[in-house]
Enquirer: 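Here it is, the structure, as structure tokens.
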There are 2 protein chains.
Amino acid sequence: MKLIEARQQFISSWGAFGTHWGINRTMAQIHALLLVSADPLTQDNMMEELNISRGNANMNIRELIDWGLVERIIIPGERKEYFVAEKDIWKVVKQIVKERKKRELEPMLRLLDQLENVEGDKRDKNIKSFVDTVSGIKKLGKQADKTLDTMVKADENWFIGNLVKMFK
Amino acid sequence: MKLIEARQQFISSWGAFGTHWGINRTMAQIHALLLVSADPLTQDNMMEELNISRGNANMNIRELIDWGLVERIIIPGERKEYFVAEKDIWKVVKQIVKERKKRELEPMLRLLDQLENVEGDKRDKNIKSFVDTVSGIKKLGKQADKTLDTMVKADENWFIGNLVKMFK
DNA sequence: TTGAATTTTCAAAAACTTTTGAAATCTTGA
DNA sequence: TCAAGATTTCAAAAGTTTTTGAAAATTCAA
């Protein structure tokens with residue numbers, strides 16, 4: 001398989017993959033393009049390679065910066081802005097985990113804390129069923145939260161080393 | 001907070017949460033409703049409680065069954081079908097991990113295997129950048145695949161026990 | 001077997017998300 | 001300061017997904 005073709009495959013699959021994870025196709029494709037590019041790219045480079053409009057490119061690049069996955073860099077003597085993606089996949093994964101934890105897991109746990117204190121007789125089977133479900137989710141959620149916290153702080157070798165121990 | 005209100009909060013938040021994970025709102029809400037219900041529910045119960053149409057209810061119930069999260073049960077002497085959700089959250093998580101692994105991670109790893117064999121001189125910086133990115137993702141992906149495999153087979157105490165060891 | 005109850009299907013409508021592109025704003029070198 | 005180049009914004013258009021509801025199919029008790 002030729003490089004051009006392989007790149008296209010990668011970019012388009014990464015885009016499709018992203019849509020299963022609540023990330024829009026273009027954002028995932030821009031990310032993929034930056035991941036496989038040897039050099040920094042401009043917005044115009046990306047617009048051309050992915051066939052997307054200026055507004056679309058701009059919006060999604062900014063969102064990637066917001067997620068901490070892409071960095072804007074200034075090349076001295078150049079007027080245009082250039083962009084690069086973090087290439088270390090372990091760092092990318094940690095960054096995504098960190099953001100999703102903050103944006104989704106933590107608010108959910110705060111809600112569950114409140115919901116657990118529902119009024120009424122715990123012997124009522126409807127109340128019991130509600131409280132049991134909420135407590136169960138909370139318990140697993142809190143554990144996941146702690147685990148992810150530690151993971152975000154860890155380096156790759158530590159992580160893989162531990163997994164090997166854990167699963168041998 | 002009263003039970004009715006707490007249930008509504010839970011159902012609506014679970015729905016919003018689901019949309020961040022590529023699951024549609026209604027499917028997540030039906031799941032939430034079944035999770036907090038003490039008794040099996042019919043399709044009509046769910047239509048009424050969630051204010052959704054017959055077709056919508058039917059489609060999403062079937063999708064939940066497809067994911068292995070909900071079971072259809074027949075109550076002797078009753079004409080209607082009843083539904084219950086798996087209440088053990090650890091089992092729910094394992095089931096979701098198992099399905100997503102099969103539907104998303106495994107196909108992605110098969111693609112990466114192919115893309116790694118791109119033709120050309122590995123000293124060309126464009127080829128190097130592509131191959132390095134693909135290899136890096138593949139390496140982490142394979143590790144995740146193994147880990148999730150073990151997790152899917154494990155029971156909760158084993159899992160939490162190990163995490164505690166790992167992170168103490 | 002029949003027919004009322006129930007479930008399933010699916011085309012069209014509604015809702016929601018993404019993309020476009022032109023205008024507005026900002027930036028910087030001369 | 002100016003103006004050309006670059007970036008950002010955002011309303012409208014296009015595209016996608018979800019929902020509806022009525023018709024078709026299926027089920028089952030009598």
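Numbered from 1 within each chain, the chains take letters A, B, ... in sequence-line order.
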Enquirer: Between dT8(C) atom P and L64(B) atom CG, what is the distance in whole Å?
Expert: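 It works out to 14 Å between those atoms.
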Enquirer: Give a yes/no answer on whether the side chain of N56(B) brings an N or O atom under 4.0 Å of OP1 or OP2 in dT20(D).
Expert: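 Looking at the OP1 and OP2 atoms of dT20(D), one of them is under 4.0 Å from a side-chain N or O of N56(B).
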Enquirer: Output yes when R103(B) and E99(B) qualify as a salt bridge under the 4.0 Å nitrogen-oxygen rule, no when they do not.
Expert: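 Yes.
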Enquirer: Looking across every strand, which nucleic acid part, if any, lies under 4.0 Å from E81(B) by heavy atom: base, sugar-phosphate, or nothing?
Expert: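 Result for E81(B) = sugar-phosphate.
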Enquirer: Atom CD1 of I74(A) and atom C1' of dT28(C): how far apart are they, to the nearest Å?
Expert: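 It works out to 12 Å between those atoms.
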Enquirer: Without decimals, in angstroms, what is the distance between N24(B) CG and dT17(C) P?
Expert: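 Interatomic distance, CG of N24(B) to P of dT17(C): 12 Å.
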Enquirer: Examine distances only and state if a side-chain atom of E63(B) and a backbone atom of M27(B) form a donor-acceptor pair shorter than 3.5 Å.
Expert: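 No: the side chain of E63(B) does not pair with the backbone of M27(B).
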Enquirer: So, OP1 or OP2 of dT19(D): does either fall under 4.0 Å of a side-chain N or O from T26(B)?
Expert: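 Result: yes.
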Enquirer: For the side chain of R54(B), counting heavy atoms from C-beta on, which of dT7(D), dT19(D), dT7(C) is nearest?
Expert: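 Of the options given, the side chain of R54(B) lies nearest dT7(C).
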Enquirer: Mark yes or no: R100(B) above the aromatic ring of W21(A), with NZ or CZ under 6.0 Å from the six-membered ring centre and no more than 45 degrees from the axis.
Expert: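 Yes.
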Enquirer: Given that M59(A) and K80(A) both sit by DNA chain D, which one's nearest nucleotide is further toward the 5' end?
Expert: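 Looking at DNA chain D, the more 5' nearest nucleotide goes with K80(A).
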Enquirer: Side-chain N or O of N58(B) versus OP1/OP2 of dT7(C): is the shortest distance under 4.0 Å?
Expert: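 No, because none of the side-chain N or O atoms of N58(B) sits under 4.0 Å from OP1 or OP2 of dT7(C).
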